[in-house]
Asks: 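Have a look at the structure that comes next, please.
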Amino acid sequence: MALIQEVDYGTPEAHSAVTVTLTIDGQSVTVAEGTSVLRAATAAGIQIPRLCATDMLASFGSCRLCLVEIEGRAGTPASCTTPAANGMVVHTQTERLIRLRRAVMELYISDHPLDCLTCAANGNCELQTMAGAVGLREVRYGTEGANHLRLPKDTSNPYFQFDPAKCILCSRCVRACQEVQGTFALTIAGRGFGSVVSPGMEEPFLASECVSCGACVQACPTATLIEYSVLALGQPEHSVVTTCAYCGVGCAFKAEMRGQQVVRMVPYKDGKANHGHSCVKGRFAWGYATHPDRVLKPLMRATTADPWKEVSWDEAIARAASEFRRIQAQYGKGAIGGITSSRCTNEEAYLVQKLVRAVFGNNNTDTCARVCHSPTGYALSSTFGTSAGTQDFDSIEQCDVILLVGANPTDAHPVFGSRMKKRIREGAQLIVIDPRRIDLVRSPHVQAAVHLALRPGTNAAVLDAIAHVIVTEELVDEAFVRERCEIDSFARWAAFAAEERNAPEAVEAITGVPADLIRYAARLYATGGNAAIYYGLGVTEHSQGSTAVMALANLAMATGNIGRPGVGVNPLRGQNNVQGSCDMGSFPHEFPGYRHISRTDVREMFEKDWGVALDPEPGLRIPNMIDCALEGSFKGIYIQGEDIAQSDPDGQHIAAGLSAMECVVIQDLFLNETSRYAHIFLPGSTFLEKDGTFTNAERRIQRVRRVMTPRGGYQDWEVTQLLAQAMGYPMRYPHPAEIMDEIARLTPAFTGVSYAKLDSLGSIQWPCNEANPEGTRVMHVPGFVRGKGRFFVTEYIPTDERTGPRFPLLLTTGRILSQYNVGTQTRRTSNVQWHAEDRLEIHPHDAEQRGVREGAWVRLESRSGATTLRAHITERVAAGVVYTTFHHPETMANVVTTDYTDWATDCPEYKVTAVQVSPAAGSAGTLNAGRILEKHIRSQQP
Amino acid sequence: MIEVTSHQAAYQRKLVHQANQIGKFFAHQPQPEAVANIADHLRKFWDPRMRTQILFHLENGGEGLDELPRHAIEKIASETTQD
Ligand code: SF4
Ligand code: SF4
Ligand code: SF4
Ligand code: FES
């Protein structure tokens, strides 16, 4: 294995259909119009020395190293800023150029420390390489004069350092922060000789606006900005391309290694989802993989009151298998079930649901996607015919209007958030529908055209009001509807939307959004050009989650904004493999590929392949499993990579349900809240330790490649396989590639997928089959998957969770950039430096009424429980609304969420809870309902 | 009357709430269509033991069930007996 060296073309690719032909050093070169001479030369294999140019950034022309001579033109233009033209004759290496370049280089080196041998970038420094390339042999200016060699280092960021003594002021970092990341945290402060790179207002990195995405570190050609891991471990010797295991963007990374040790994770330029960009999580927060808290040996105990005992794999697997069989014999076939993980690979999710269906003999399989995007699956398959986002991420480049609903991409999907910001800087208009003023509403060089700050729980009312405007102001794309949609369903929907009670003016009192803003947003969406919908958990995690997703689908169909690039309806998925785990048949009612288990033809196909009879009735969803555990008919569960006690709503109910079970088997990296109720713990493996695939939010299947031996001994799919074997079923795959072959054999949208094809194409967006052998970028072209698009009437029905005198405020929840979900991984990295605790955001008015001060401890209480946390007073939330994240178990924010769920899918209503907030003495008195209940349960045990 | 434990009673209350929620989504449709759609939803997405619980609840008077889901559950009951 070698180190993957990506070619740096110097300037970005030009996207013109017109080509030009020029001659460079006697070679004829044809490139797209708009390509720089530097890029054209690189494409032809000719290396022109350069320092300030890199193909992730627009050309800048400051270093003067890339000079060339062009016949018929005076002087020596910079090749990075000179576009190639027809008939141009370019010379890259002449006496004059050699002299000029050496002189430039000499100046750089005269103010640069000459410690190359001990520098961490030795062997991977562009300055060093260029000094060699231009043949620099002497530096005539001494380093005694004024220089920058003694400037202090900035070591505030936990992942990289800034050593200004090594800076050559190429400005690549500043431009990366602006152009790629869109944060504008860096500037060149001072002038002339006094110029230095500076975060924020000449403050340390950590204190500045910097979000630690790493784009500047990657852009830096010297050791000025460099990862601590490289300083500590040295330059990597080989690298492997893999996929980030954090969020649904699915960034491709090069895992750069020394032996089995990760030196750093570098975003891969060929990654189709991220194009070489990353966020702090994927780029830096991988240290949890080697955290000492990892459980590396199977654990067992007779009751949850006993201490854990380390046992062998054989013993743990044998016990799990015999307990599951005993429970089935005693309580019935349906008394056990399994939960797949959206953090694990497609192959692993597939195996867990296969274990449940083929070996357990029931359909009690569910996944953590239940609690986030299950309404997306239900609603998009009802309206369009497929349970997935319609576009690829690149589609945003052709989008004119972005309708962003209940999502906070700059925090939750940062790399896509950066693309969104870039598109907005280029002129796209943004409509935000969110109770909270998310960063995109206003941040440097980005401003939303309109923000509909609705009351939590009123999405359907706002979307119906938008529909009302579109229908009554005759903004419907009638030709599209006539040709592509079910006319009856449209007529019914249009009549409903047109009703006066759906007018923006009529719903103003319910939604809290001024009617004129809704009208403005509706007109902009319907008439502003290509309009694309992006939405997140703020839409799905409601009692009307499925209804609201249908309402979005209705809007897209009514305005013809679907079925081509630049438009569509796109869920922003939370976890890395939410899409994949749903595709793989994790839900209790459907086989892989979203086919209902009652379909005889499909069932027979699986029965034949798996060699067993399958149950035609739907199984239990996670909340139902818990209910049935309490009611007495569900007694055993196998949970792979999921912490339901921490991440699912109504913690007390879950705790009681798990406590009522006789065999809880957890497979995970760390002991967690759920494992408190477990009898058997099986060590899980990280994405660095396994082979497989993840599918991101744009349906893109990408390889996960093993770079180190599984620390617990097995990859997760191997463990499921051992359990199946111990239960008497012959599940034996030599490699996940064979699991994928089986998926392809049994799932129409995956027919054309194989590891060989993934290796050659890099990634594949399903459907990939005979009709689309290389996958599908944009769905529903030329027709909808279900045939005609179907409109649904989406009546607004208020949630039963109401405010009242006891609980007068509405709590809504979300997540932030540096932490990931319940934080199991990110809390075990230096990311805690950005988010040490969950805080409660409260409007100044509500804070004042309650005597709450900034940073003070407050008690947050709902009808389900109470907790304490610190307050942050801000106008980001409207009066009457409070907001918190749920990254720290100490907060147990879920104690205060209730058991109301989406009507169609049981997805919990995380986003609305009636609460009261009052000042608290401190965290010491925290009423942690989950823990108290557990203590109570334990005290009842023998 | 079918005897129910307190856990079952709590569970049934939850199922009634969910069935009513489903009913509300289809409420704008003409009654026969709404009833058929609700019944179809329960068949497709509810585990048989959830349907059994709600049938028990119906047999015990069906307290709290709205009209449409009540008809839908009756429909399921009649079809189950026919089978
Ligand atoms: S790490 Fe990212 S956000 Fe921070 S300064 Fe560098 S480019 Fe900007
Ligand atoms: S820190 Fe690196 S990228 Fe930024 S100006 Fe200095 S040398 Fe260039
Ligand atoms: S967390 Fe998401 S945005 Fe960040 S690097 Fe990973 S996949 Fe990319
Ligand atoms: S690379 Fe062209 S001027 Fe720096």
Side-chain angles (χ1 to χ4, degrees), chain A residues 332 334-335 337 362-364 366 374 378 382 460 492-493 495-496 499 543-544 546-547 550 587-590 596-598 615-621 623-634 653 656-657 660 792-800 899-906 909, chain B residues 2-57 60 64-69 72-73 76-77 79-80 83:
Chain A
N362 59 46
N363 288 309
N364 297 329
D366 206 358
S374 48
Y378 179 80
S382 308
R492 225 186 232 193
W493 170 79
F496 157 77
E499 286 176 36
S543 59
Q544 278 205 288
S546 294
T547 312
M550 287 176 173
F587 288 135
H589 63 280
E590 57 198 10
H596 201 272
I597 40 135
S598 61
D615 185 351
E617 286 285 358
L620 297 167
R621 313 191 265 214
N624 314 137
M625 292 179 192
I626 297 299
D627 291 332
C628 287
L630 286 167
E631 173 257 350
S633 66
F634 190 81
H653 185 65
F792 279 83
V793 170
T794 53
E795 182 89 53
Y796 163 67
I797 294 158
T799 162
D800 291 312
D899 62 354
Y900 286 138
T901 59
D902 171 49
W903 67 269
T905 65
D906 248 357
E909 188 170 50
Chain B
I2 299 160
E3 286 298 318
V4 290
T5 64
S6 67
H7 275 312
Q8 277 176 338
Y11 186 31
Q12 288 176 8
R13 272 197 300 280
K14 201 165 176 179
L15 294 177
V16 166
H17 183 257
Q18 285 177 7
N20 287 346
Q21 271 185 303
I22 296 166
K24 283 179 187 144
F25 179 80
F26 293 103
H28 66 92
Q29 298 176 347
Q31 178 157 341
E33 191 185 342
V35 168
N37 279 328
I38 298 165
D40 185 51
H41 190 94
L42 297 181
R43 255 189 244 107
K44 271 191 168 152
F45 297 99
W46 282 26
D47 176 276
R49 73 193 97 166
M50 295 166 72
R51 299 198 304 255
T52 309
Q53 285 293 333
I54 201 107
L55 286 173
F56 278 172
H57 183 74
N60 280 345
L65 267 179
D66 292 345
E67 191 192 337
L68 286 173
I73 296 160
I76 293 177
E79 285 165 6
T80 318
D83 285 350

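These numbers come from the heavy atoms of this one structure, side chains and all, not from hydrogens, waters or symmetry mates. Below, chain A is the first sequence line, B the second, and so on; all start at residue 1.
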Asks: Relative to chain B, which segment of A/N364 carries a heavy atom at a distance below 4.5 Å: side chain, backbone, both, or neither?
Replies: side chain

Asks: With A/E617, which of B/R49, B/R51, B/R43 fulfils side chain to side chain donor-acceptor pair (under 3.5 Å)?
Replies: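 Going through B/R49, B/R51, B/R43 one by one, the side chain to side chain donor-acceptor pair (under 3.5 Å) with A/E617 is satisfied by B/R51 alone.
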
Asks: Side chain to side chain contact (heavy atoms under 4.5 Å, CB included), that's the test. Do B/D47 and A/N362 meet it? Break it down for me.
Replies: CA-CA 10 Å; B/D47 176 276; A/N362 59 46; over 6 Å; no

Asks: Kindly give the heavy-atom pair with the smallest separation between A/T901 and B/Q21, and that separation in Å.
Replies: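 Heavy atoms of A/T901 and B/Q21 come nearest at O-NE2, 3.0 Å.
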
Asks: Please look at A/Y378 and chain B and tell me whether the side chain, the backbone, both or neither of the residue comes under 4.5 angstrom of a heavy atom of that chain.
Replies: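 When you check distances to chain B, only side chain atoms of A/Y378 fall under 4.5 Å.
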
Asks: Counting C-beta onward and ignoring hydrogens, is there a side-chain heavy-atom pair between B/Y11 and A/L630 closer than 4.5 Å?
Replies: no

Asks: Kindly compute the distance separating CE (B/M50) from CZ (A/R621), expressed to the nearest 0.5 Å.
Replies: 5.5 Å

Asks: Please flag which part of A/I797 lies under 4.5 Å from any non-hydrogen atom of chain B: side chain, backbone, both or neither.
Replies: side chain

Asks: Shortest non-hydrogen contact from B/K44 to A/H596?
Replies: O-NE2, 2.9 Å

Asks: What part of A/M625 lies closer than 4.5 angstrom to a heavy atom of chain B: side chain, backbone, both or neither?
Replies: neither

Asks: Tell me which of these, A/G632, A/S546, A/C628, has more heavy-atom pairs under 4.5 Å with chain B than the rest.
Replies: A/C628

Asks: Between A/S598 and chain B, with a heavy-atom cut-off of 4.5 Å, which part of the residue counts as in contact: side chain, backbone, both or neither?
Replies: neither

Asks: Taking all non-hydrogen atoms of both residues, which atom of B/P48 and which atom of A/P618 are closest, and how far apart?
Replies: CD-O, 3.3 Å

Asks: Could you tell me the separation between the CG atom of A/N624 and the CD atom of B/Q18, rounded to the nearest 0.5 Å?
Replies: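 Result: 6.5 Å between the selected atoms.
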
Asks: Where is the tightest heavy-atom contact between B/Q53 and A/E631, given as atom of each residue plus distance?
Replies: NE2-OE2, 3.0 Å

Asks: Could you tell me the separation between the NE2 atom of B/H28 and the CZ atom of A/F792, rounded to the nearest 0.5 Å?
Replies: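 Going from the NE2 atom of B/H28 to the CZ atom of A/F792 covers 8.5 Å.
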
